[in-house]
*Asks:* 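Questions regarding the structure given below will be posed in turn.
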Amino acid sequence: MTLATQQSGIRVRGLTKSYRDLEVLRGIDLDVVPGSIVALLGSNGAGKTTLVKILATLLVADSGVAEVNGFNTASESAQVRASISLTGQFAAVDEILTGRENLTLVARLRHVADPAGVADELLTRFSLLEAAGRRVATYSGGMRRRLDIAMSMIGNPPVAFLDEPTTGLDPQSRTEVWDCIRELAGAGTTVLLTTQYLDEAEQLADRIAILHQGRIIVTGTLAELTRLMPPTRIEYVEKRPTLEEIFLALVGDAHPTHDPRGADSTGAD
Ligand SMILES: Nc1ncnc2c1ncn2[C@@H]1O[C@H](COP(=O)(O)OP(=O)(O)OP(=O)(O)O)[C@@H](O)[C@H]1O
Ligand SMILES: [Mg+2]
């Protein structure tokens, strides 16, 4: 049986997963076209991380099929792992090292040719060049997240999973991370991101899939969903960005390159 299809990107059919008696995924069907961004929208506990973990081969589904970049997550897990990047809610960066050192370290560990060159290219791509020589301990939340995403892109995997990439970030940092995600997709990476934020899906996604009670209850472009949703939901979508616009107008949207705590903690107290 040929499990790999000609189409790469992500393809999921009838995926189920339970934790003991708790049925979390009850038959998921999902397609992500190569080079596009799909936002998987769902409330707390909907099963977003569970689905991402299955696609990233960290968990095994109970039944159904999942293919990533043309490879089956169950039978071709090594090829899937070589095709993906995964960033979770907590940035996997080393605080003591600088941004550049974090990147070169991971590039060396992955045996990439020219680790220093790769680090500089990623620092430029994700607008971290100015802060490259500073310890990560001095970075803002948005800068850490961007560095984390940059690190995950070493080796240019064709598929990126971003699990709640902006949870816990202030609006300004969120827009910086959004720019970084747009940059990823613009360069041809297939992106599946999970989010609880309607405005994030609205800002970034080519298609939005809503996960509810174990199933993708609806999937489509924002325009398609807008036509489906009752007016009360549409009103909610439109209110959030307005508040953020007010916030950004009040605080200004200059991109801070340093943290108020200063570049080094000298313990002068
Ligand atoms: N290892 C586990 N063992 C038992 N139950 C689990 C396990 N992992 C997750 N769950 C439960 O499965 C459900 C789905 O969890 P999951 O983390 O996939 O949701 P989520 O959509 O990512 O939520 P959040 O938005 O809070 O991150 C939740 O009810 C969670 O408590
Ligand atoms: Mg989660």
Side-chain angles (χ1 to χ4, degrees), residues 10-32 37-68 73-74 77 80-81 84-93 141-142 144-149 151-152 157 159-171 173-174 177-178 180-181 184 190-205 207-220 222 225 229 233 236-237 240-241 244:
I10 299 167
R11 181 176 172 272
V12 178
R13 291 292 178 273
L15 209 71
T16 69
K17 177 72 188 175
S18 298
Y19 297 108
R20 296 174 188 267
D21 293 341
L22 182 67
E23 281 185 274
V24 177
L25 305 179
R26 300 163 181 238
I28 300 288
D29 295 329
L30 181 68
D31 288 289
V32 183
I37 303 181
V38 167
L40 184 66
L41 198 59
S43 39
N44 281 128
K48 303 180 296 292
T49 299
T50 300
L51 178 58
V52 166
K53 281 185 172 169
I54 292 169
L55 294 175
T57 77
L58 300 174
L59 261 184
V60 177
D62 298 333
S63 65
V65 179
E67 291 165 357
V68 174
T73 52
S77 56
V80 171
R81 282 198 286 273
I84 63 165
S85 77
L86 171 64
T87 51
Q89 192 177 334
F90 302 101
V93 294
R144 278 165 207 239
R145 198 63 54 84
R146 267 147 54 210
L147 179 62
D148 195 31
I149 295 172
M151 283 162 67
S152 78
V159 179
F161 297 113
L162 304 172
D163 193 9
E164 303 208 18
T166 66
T167 296
L169 297 184
D170 61 62
S173 297
R174 292 178 74 207
V177 172
W178 287 349
C180 151
I181 296 169
L184 272 187
T190 304
V191 177
L192 178 64
L193 71 92
T194 75
T195 185
Q196 301 180 36
Y197 303 123
L198 297 169
D199 62 330
E200 183 155 298
E202 183 179 343
Q203 283 286 326
L204 293 176
R207 294 181 74 77
I208 297 163
I210 299 177
L211 177 60
H212 184 63
Q213 295 182 341
R215 291 194 178 84
I216 305 282
I217 53 165
V218 65
T219 164
L222 181 64
L225 298 198
M229 285 186 176
R233 295 294 290 271
Y236 178 62
V237 170
R240 287 190 70 104
E244 291 191 356

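These figures come from a predicted structure and were not determined experimentally. Start at 1 and go down the list; that is how both ligands and their atoms are numbered. For reference, positions follow the sequence shown, starting with 1.
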*Asks:* Quick one: which of Leu192, Leu55, Val159 gives a side chain to side chain contact (heavy atoms under 4.5 Å, CB included) with Ile84?
*Replies:*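 The passing option is Val159.
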*Asks:* Would you call Asp199 and Arg174 a salt bridge, using N to O less than 4.0 angstrom?
*Replies:*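 Salt bridge flag = yes for Arg174 with Asp199.
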*Asks:* Go through the steps to decide whether Thr16 and Ser63 satisfy the test side-chain hydrogen bond (donor to acceptor under 3.5 Å, both in side chains), and finish with yes or no.
*Replies:* CA-CA 5 Å; Thr16 69; Ser63 65; 2.6 Å; yes
*Asks:* Consider only side-chain N and O atoms of Ser43 and Gln196, and report whether a donor and an acceptor are under 3.5 Å apart.
*Replies:* no
*Asks:* To which of Asp21, Asn44, Leu25, Leu51 does the heavy atom nearest atom 24 (P) of ligand 1 belong?
*Replies:*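 Selected option, by shortest heavy-atom distance: Asn44.
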*Asks:* Output yes when the distance from some N or O of ligand 1 to some N or O of Ala46 is under 3.5 Å, and no in every other case.
*Replies:* yes
*Asks:* Can you list the ligand 1 atoms lying under 4.0 Å from a non-hydrogen atom of Val24?
*Replies:*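 Ligand 1 atoms under the 4.0 Å threshold to Val24: 12 (O), 13 (C), 14 (C).
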*Asks:* Using a strict cut-off of 4.0 Å, indicate which atoms of ligand 1 neighbour a heavy atom of Gln196.
*Replies:* 25 (O)
*Asks:* Would one find an N or O of Gly47, backbone or side chain, under 3.5 Å from an N or O of ligand 1?
*Replies:*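 Min N/O separation from ligand 1 is below 3.5 Å for Gly47.
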*Asks:* I'd like to know if the Mg ion (ligand 2) has an N/O/S atom from Asn44 within less than 2.8 Å of it, counting both backbone and side-chain atoms.
*Replies:*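 Coordinating: no.
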*Asks:* Quick one: do Arg11 and Asp29 make a salt bridge, cutoff under 4.0 Å?
*Replies:* no
*Asks:* How long is the gap from CG on Leu198 to OG1 on Thr195, to the nearest 0.5 Å?
*Replies:* 8.0 Å
*Asks:* Going by distance alone, is a donor N or O of one side chain under 3.5 Å from an acceptor N or O of the other, for Thr87 and Ser152?
*Replies:*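 On atom types as modelled, these side chains do not qualify, holding no pair under 3.5 Å.
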*Asks:* Select one of side chain, backbone, both or neither to describe which atoms of Leu22 lie under 4.0 Å from any atom of ligand 1, heavy atoms only.
*Replies:*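 Looking at Leu22 and ligand 1, just side chain atoms fall under 4.0 Å.
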*Asks:* Gly45 versus ligand 1: do any nitrogen or oxygen atoms come within less than 3.5 Å of each other?
*Replies:* yes
*Asks:* Which is it for Arg20 and ligand 1 at heavy atoms under 4.0 Å: side chain, backbone, both or neither?
*Replies:* neither
